[in-house]
Amino acid sequence: MTIRDKLHYFFTKGKIAMGFGNSLANITDDPRVNLPVSEIQRIRKDLDYYSDNFADINFFNTKNELRKRKPSTLSITHQAARKLASVIFNEQVTVSVTGETIDNFVNEVLTDNLFNLKYEEYLETGIVTGGFAVRPYVDNNKIKLAWIRADQFVPLQSNTNDIQSAVIVNRTTRSENSKTVWYSLLEFHEFDGISEETITNELYRSENVSEIGQQVNLTVLDEFADLPEQVVISDIVRPTFAYFKTPGKNNKSIESPLGIGIVENNMHVIDAINTAQDQFYREVKLGKRRIAIDGTLMKPQTEHSGDDMSGAPVFDPDDDVFMQVGKTKDGKPIIEDLTNDIRVQQYNDSLQVFMREFENNIGLSQGTLSTDATKSDKTATEVVSDNSETYRTRSSYITQVEKQIKELIISIVQLATKPELFDNQKAPLSVDLVNNPLEIHLHFDDGVFVDKDKQLEEDLKVAMAGFMPKKQFLMRNYGLSEDDAEEWLAELQSEAPETDNMPDEQAGMLGGNDGEGGEGSGGNDE
């Protein structure tokens with residue numbers, strides 16, 4: 001930190017202590033933030049749809065009284081996001097980095113932080129809101145991962161292609177004098193675009209949940225008392241956070257670097273689905289059996305000596321089928337069944353139409369969320385064909401997932417090279433990322449989108465014919481990294497018996513063909 005910076009923060013600290021620090025109603029009020037407030041509001045609304053947090057429905061009952069009730073919804077936003085997240089990323093994803101030491105270190109960090117499990121969870125919310133971020137940090141000589149939702153991540157000065165500076169908002173509550181108070185820790189990450197990142201921590205206090213509040217000293221809360229006001233990390237190649245952005249352009253805010261989720265362009269369809277579901281639920285609830293009878297039928301006509309019921313009919317105390325009404329116009333008693341059939345088919349057809357429209361808009365194949373009674377009888381090949389639209393959507397998402405994970409691994413490795421961040425002043429890794437960029441490989445399990453038995457069969461034929469390297473065969477069908485595939489081949493060759501009695505094709509797959517054609521002939525084995 002320069003002398004000028006030290007003086008600036010000395011006087012800033014003094015102003016905060018005297019109560020003259022910054023005061024923010026919204027995070028966008030900070031001059032360092034370059035984002036319209038509409039983007040913050042959009043993300044909050046997206047989260048309401050994700051959590052099914054909708055306003056009560058107002059209605060007038062039979063007596064013309066204004067009543068309120070909770071809507072009955074299908075949680076369609078959560079269902080769609082969950083489906084997409086599970087097909088994009090799951091526990092079968094493997095990560096490998098060239099170099100055994102780095103690879104072991106990275107995978108140990110990912111395993112310790114339950115990366116595969118947590119990533120799928122946050123990817124789900126990212127699909128709804130347009131993005132999320134992951135930030136590695138050092139704690140007790142270990143690298144931990146902080147997961148940051150879209151409503152906690154606000155970009156600073158940036159372009160629409162990449163976010164290199166951002167503020168991360170962490171809110172907590174306290175009870176002070178029997179009153180709830182909100183504290184917001186603002187963590188500013190400012191990367192110079194070359195080799196240095198400045199991290200500034202600021203704490204704000206507010207008595208209003210919708211405001212950031214007045215800046216206070218970090219020492220106000222014990223958990224932040226030891227947190228430095230500013231840290232500078234030098235000799236790095238990228239910011240310490242990695243941001244995932246949903247594929248496609250943010251058509252609601254063209255200049256925004258943030259992604260846009262599945263809610264924003266589909267609110268009308270989601271509302272239609274929920275309206276159909278709510279009306280169907282109400283029809284089922286109110287469509288119970290009802291029989292209208294003359295009220296006089298419920299009263300005794302004659303009294304009998306010793307009859308405790310005085311001649312009145314006996315009903316179950318929970319019975320609500322019979323409704324007492326007046327007499328008919330001709331004065332005769334009435335007994336009439338008022339029950340109407342529930343419009344199951346009409347509501348079901350309406351729901352399916354809206355669901356298919358929603359599937360089409362977000363890039364899911366027909367029948368993913370809507371009902372397709374014939375799907376269970378289809379073969380694996382037919383299922384693969386039916387899921388082609390979902391597969392194309394998945395491919396677009398995977399491009400962004402790969403980008404974020406690779407950036408995260410680089411951020412993890414560059415932190416691991418900084419001895420000053422560790423208590424023992426010893427860095428776990430020594431890597432020159434400027435001159436020796438990391439080679440990172442990700443393998444995604446295609447699941448239902450690929451008929452694996454068919455793929456294995458076809459790839460085996462191609463490999464035995466000599467048109468696919470054995471290493472690529474293992475990597476493609478068994479999810480191995482390049483290093484692991486080479487180890488497999490080396491072990492196969494060392495364990496292979498004499499190949500004189502083997503068919504040439506089998507010997508060629510083991511790397512032991514003696515020259516009688518096939519891939520291994522002529523000494524040009526892969």
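All values below come from the heavy atoms of this structure, side chains included, with hydrogens, waters and symmetry mates left out. Everything numeric here is computed off the predicted structure, so don't read it as measured data.
We find that E211 and R205 are not joined by a salt bridge, their nearest charged nitrogen and carboxylate oxygen being 4.0 Å or further apart. Electrostatic pairing of D278 and R69 counts as a salt bridge here, judged by a charged N lying under 4.0 Å from a carboxylate O. At a threshold of 4.0 Å, the pair E187-R135 counts as salt-bridged, since one of the basic side-chain nitrogens sits closer than that to a carboxylate oxygen. Salt bridge status for E359 with R356: absent, with no side-chain N to carboxylate O gap under 4.0 Å. A salt bridge links R42 and E39; the closest N-O separation between the charged side-chain nitrogens and carboxylate oxygens is under 4.0 Å. Salt-bridge formation is not detected for the pair K142/E108: no Lys NZ or Arg NE/NH1/NH2 atom is positioned less than 4.0 Å from an Asp or Glu carboxylate oxygen.
Ring centers of Y119 and F132: under 6.0 Å apart, within the cut-off.
One side chain, T240 or E197, offers a donor N or O that lies under 3.5 Å from an acceptor on the other.
Note on ring orientation: taking the six-membered ring where Trp is involved, the planes of F153 and Y243 are parallel (angle under 30°, cut-offs 30° and 60°). By the 30° and 60° cut-offs, the orientation of the rings of H78 relative to Y50 is tilted.
Within the structure, every pair that satisfies the side-chain hydrogen bond (donor to acceptor under 3.5 Å, both in side chains) test and touches residues 81-92, not counting sequence neighbours, is listed here: R82-E120.
Nearest heavy-atom pair across G193 and Q164 is CA-OE1, 3.6 Å. Shortest non-hydrogen contact noted between Y204 and G213 is CD2-O, 3.5 Å.
Tested against D151 for a side chain to side chain contact (heavy atoms under 4.5 Å, CB included), the candidates D46, T125, I43, V169 yield a single pass: I43.
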